Amino acid sequence: MTGPRLRIAPSPTGYFHVGGARTALFNWALARQLGGTFVLRIEDTDTERNRPEWTQGIIDALAWLGISADDPHFEGPYLQSSYTAQHIAAALQLVESGNAYYCDVSAAEIEARNQQAVDAGSIAQGYGGWSRDRNLGPGPDRVVRFRVPEGTTVVRDVVRGDVEFDNSLIEDFVLLRGNGAPVFMLANVVDDMHMKISHVMRAEEHLSNTPKQQLLWEALGEQPPVWAHLPLLVNEQRKKISKRRDKVALEQYRAEGFLPDAMVNYLMTLGWTPKGPEVQPWEQMESDFRLEDVHLSPAFFDVRKLAAFNGDYIRMLSAGEFLEASRPYLLGPDAGFPADRFDESKFLAIAGHVQPRCITLADAPGVVDFLFLADPVIDADSWAKVFSGAQATAVLRGAISAYESLPDWNADALKSALEVIGAANELKLGKAQAPVRVAITGRAVGPPLFEAIEVLGREESMRRLRKAEAALD
RNA sequence: GCCCCCAUCGUCUAGUGGCCUAGGACACCACCCUUUCAAGGUGGCGGCACGGGUUCGAAUCCCGUUGGGGGUGCCA
């Protein structure tokens, strides 16, 4: 695969979240559109917080979104921890070239010094380049720090334009820890370099650190990549969404019955605007996406809008697709009816009426449960309300006798028969259907009644009607 | 504190100096359709943060203010 090389570099410290997914999607779209490569690199250098199972979680989440290792544009996953030797070599190379130096000042000492300064009424200076010219060699607990050069660093960002940083405000940051382990700033750059990454597209939180990385690229003698910083995804409080305080795990949305296509489509609208209708196929977005069109301001991750997208996508499904997508919910422990009573053909017959009543796939069982329950769960309030009407009993009895002798058991015939009974009781169909609905489904609301009765079948429907009648006495 | 980024309806946004009495989507409200509930249709509510410039003309360009956010780690 030739062409540009993009990447995402998540760290396996928890569930993959929607922000990471949005970044992945943007990178994926561009990589595919340009015939380039999408690299997945797991940045697992923080041994304190990493967990191996999260790595698989990231891979699964990406696959769910359609970013799959089977695609020729996909490369990886690479584990950053397996390139430690290269990171260290790069740090030593920088020491060699005078761009980095050893330092024996501990974090605690720096803090103490800052505290002293504050106590004395002056301003904390931070590290302050203490060991810059001490010419220290390697030793236990000695870190390697980058020697930030004088001048200014201009980050050429495709979405934000040129951003200028005064180098004197950037501290001599650590490259290798006291224990010899590389830190993110170094590892990230060295890996991008070795993996020949041409475009670094990531969230805006990294913008302030970008001059450091660019300086590293330059000190290592390479051209920095194209930078592109995406607007942050924020919560209602306008703060960066985080695993700690917000519901952001992709896995959770998946479990709740969101369709991957809906999630993908919605995520693509956060930080970029599709041309034409906002609900549109991936292929369209993939070919229209342009870095230059990426927005500058943060976007609120709005679950209600996601839900609207999901409803749209559910309605676009064929009955068969809807069945397959809903199956885990239909046969799961929360379905509300025993799995062995589920009947695919009945579900398929009524699916078209179920879809517009679902926001998530998890809603499906609740719409059709009465079809698969031995007896519908009678909602007491609905029953009480419906049968408080004087004509309700008459309508129910009328329906029973009319339906007993109905030649063809189909929705049209069922409807016509009830219209006649309603008319005899001076009721419009809307009112007349209520007692029958409660008797058949247990509720006052649900999918179209006569279609449901047709699917339920003559025998079971008559049994429920008679049972309801008996309960009235 | 310092550095950086951002600023159009409640939210996501269209808008790149005249086409804008600012358009769409979600949410909300009303009406229509109707076999309940949805879905769908129609309509409504609602916005260029503020102050200065530049210009014949500014949502669009410049400056400032205010507000929000991010970064500033031997986390990533």
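So you know, we letter chains A, B, ... as the sequences are listed, proteins then strands, and number each from 1. Heavy atoms only: backbone and side chains are in, while hydrogens, waters and symmetry mates are out. Remember, predicted model here, so these are calculated numbers, not experimental data.
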Shortest non-hydrogen pair, Q80(A) vs D44(A), comes out as N-OD1, 3.3 Å
Please tell me which of the listed nucleotides, [options], lies nearest to the side chain of [X]?
| X | options | value |
| --- | --- | --- |
| H206(A) | U11(B), A76(B), U35(B) | A76(B) |
| E43(A) | A39(B), A76(B), C74(B) | A76(B) |
| F165(A) | C3(B), A38(B), G73(B) | C3(B) |
| V163(A) | C5(B), A39(B), U35(B) | C5(B) |
| R177(A) | C74(B), U72(B), U35(B) | C74(B) |
| N209(A) | G71(B), C74(B), C4(B) | G71(B) |
| E205(A) | G71(B), C74(B), C5(B) | G71(B) |
| F184(A) | C5(B), A14(B), A76(B) | A76(B) |
| V183(A) | C75(B), C5(B), G69(B) | C75(B) |
| L449(A) | A14(B), U35(B), G40(B) | U35(B) |

Keeping [X] on the side-chain end and [Y] on the backbone end, is there a donor-acceptor pair under 3.5 Å?
| X | Y | result |
| --- | --- | --- |
| R147(A) | R132(A) | yes |
| D246(A) | S242(A) | yes |
| Q56(A) | E53(A) | no |

Spacing between [X] atom [atom1] and [N] atom [atom2], to the nearest angstrom:
| X | N | atom1 | atom2 | answer |
| --- | --- | --- | --- | --- |
| K428(A) | C33(B) | NZ | C1' | 13 Å |
| M185(A) | U72(B) | CE | C1' | 10 Å |
| F16(A) | A76(B) | CZ | P | 18 Å |
| W227(A) | G70(B) | CH2 | P | 22 Å |
| L169(A) | U72(B) | CG | C1' | 10 Å |
| R357(A) | G40(B) | CZ | P | 12 Å |
| K431(A) | U36(B) | NZ | C1' | 10 Å |
| K243(A) | C75(B) | NZ | P | 17 Å |

By nearest-heavy-atom nucleotide on RNA chain B, the more 5' of Y266(A) and G430(A) is Y266(A)
Within less than 4.0 Å of OP1 or OP2 of [N], is there a side-chain N or O belonging to [X]?
| X | N | value |
| --- | --- | --- |
| N188(A) | A76(B) | no |
| K240(A) | G69(B) | no |
| R238(A) | C5(B) | no |
| S208(A) | C3(B) | no |
| H295(A) | U13(B) | yes |

Using the [atom1] atom on both, measure [N] against [M] and round to a whole Å.
| N | M | atom1 | result |
| --- | --- | --- | --- |
| U11(B) | G1(B) | P | 26 Å |
| G23(B) | G15(B) | C1' | 8 Å |
| U8(B) | U60(B) | P | 12 Å |
| C6(B) | G43(B) | P | 38 Å |
| G44(B) | G24(B) | P | 9 Å |
| U65(B) | C4(B) | P | 13 Å |
| A7(B) | U13(B) | P | 10 Å |
| G41(B) | G46(B) | P | 23 Å |

Determine, for [X] against [Y], whether the closest basic-nitrogen to carboxylate-oxygen distance falls under 4.0 angstrom.
| X | Y | result |
| --- | --- | --- |
| D293(A) | K275(A) | yes |
| K428(A) | E419(A) | no |
| D412(A) | K415(A) | no |

From the list T210(A), T23(A), N27(A), side chain to side chain donor-acceptor pair (under 3.5 Å) partner of R202(A) resolves to T210(A)
Only residue of D192(A), T153(A), N188(A) satisfying side chain to side chain donor-acceptor pair (under 3.5 Å) with Q213(A) is N188(A)
In numerical order, the residues of residues 436-448 of chain A whose heavy atoms come under 4.0 Å of RNA chain B are R437(A), A444(A), V445(A), G446(A), P447(A), P448(A)
Pairs under 3.5 Å (N/O, protein and nucleotides 24-29 of chain B):
residue	atom	partner	partner atom	Å
A25(B)	O2'	E278(A)	OE2	2.1
A25(B)	O2'	K305(A)	NZ	3.3
A25(B)	N3	K305(A)	NZ	2.9
A27(B)	O2'	R304(A)	NH1	2.8

Which is true for E451(A) with a 4.0 Å heavy-atom rule: it touches a base, it touches only sugar-phosphate, or it touches nothing? base
Check: G276(A) near the nucleic acid: base, sugar-phosphate alone, or nothing, with a heavy-atom cut-off under 4.0 Å?
Finding: nothing
Counterpart base for [N], defined by Watson-Crick or G-U wobble contacts under 3.5 Å:
| N | result |
| --- | --- |
| A7(B) | U66(B) |
| A59(B) | none |
| C48(B) | none |
| G1(B) | U72(B) |

Does [X] qualify as a cation-pi partner of [Y], given the criterion of NZ or CZ under 6.0 Å from the six-membered ring centre and within 45 degrees of its axis?
| X | Y | value |
| --- | --- | --- |
| R22(A) | F26(A) | yes |
| R113(A) | W130(A) | yes |
| R134(A) | Y101(A) | no |

Check for me whether the distance between the ring centres of Y253(A) and F301(A) falls short of 6.0 Å. yes
Assess the side chains of Y127(A) and D172(A): does a donor N or O sit below 3.5 Å from an acceptor N or O?
no
Pairs under 3.5 Å (N/O, protein and nucleotides 6-9 of chain B):
none

Query raised in the report: For H353(A) and A39(B), are the ring centres under 5.5 Å apart with planes inclined under 30°?
Result: no
Interatomic distance, CG@L270(A) vs CG@L230(A), rounded to 0.5 Å, equals 11.0 Å
Query raised in the report: With under 30° as parallel and over 60° as perpendicular, where do the rings of Y83(A) and H87(A) fit, or are they tilted in between?
Result: tilted
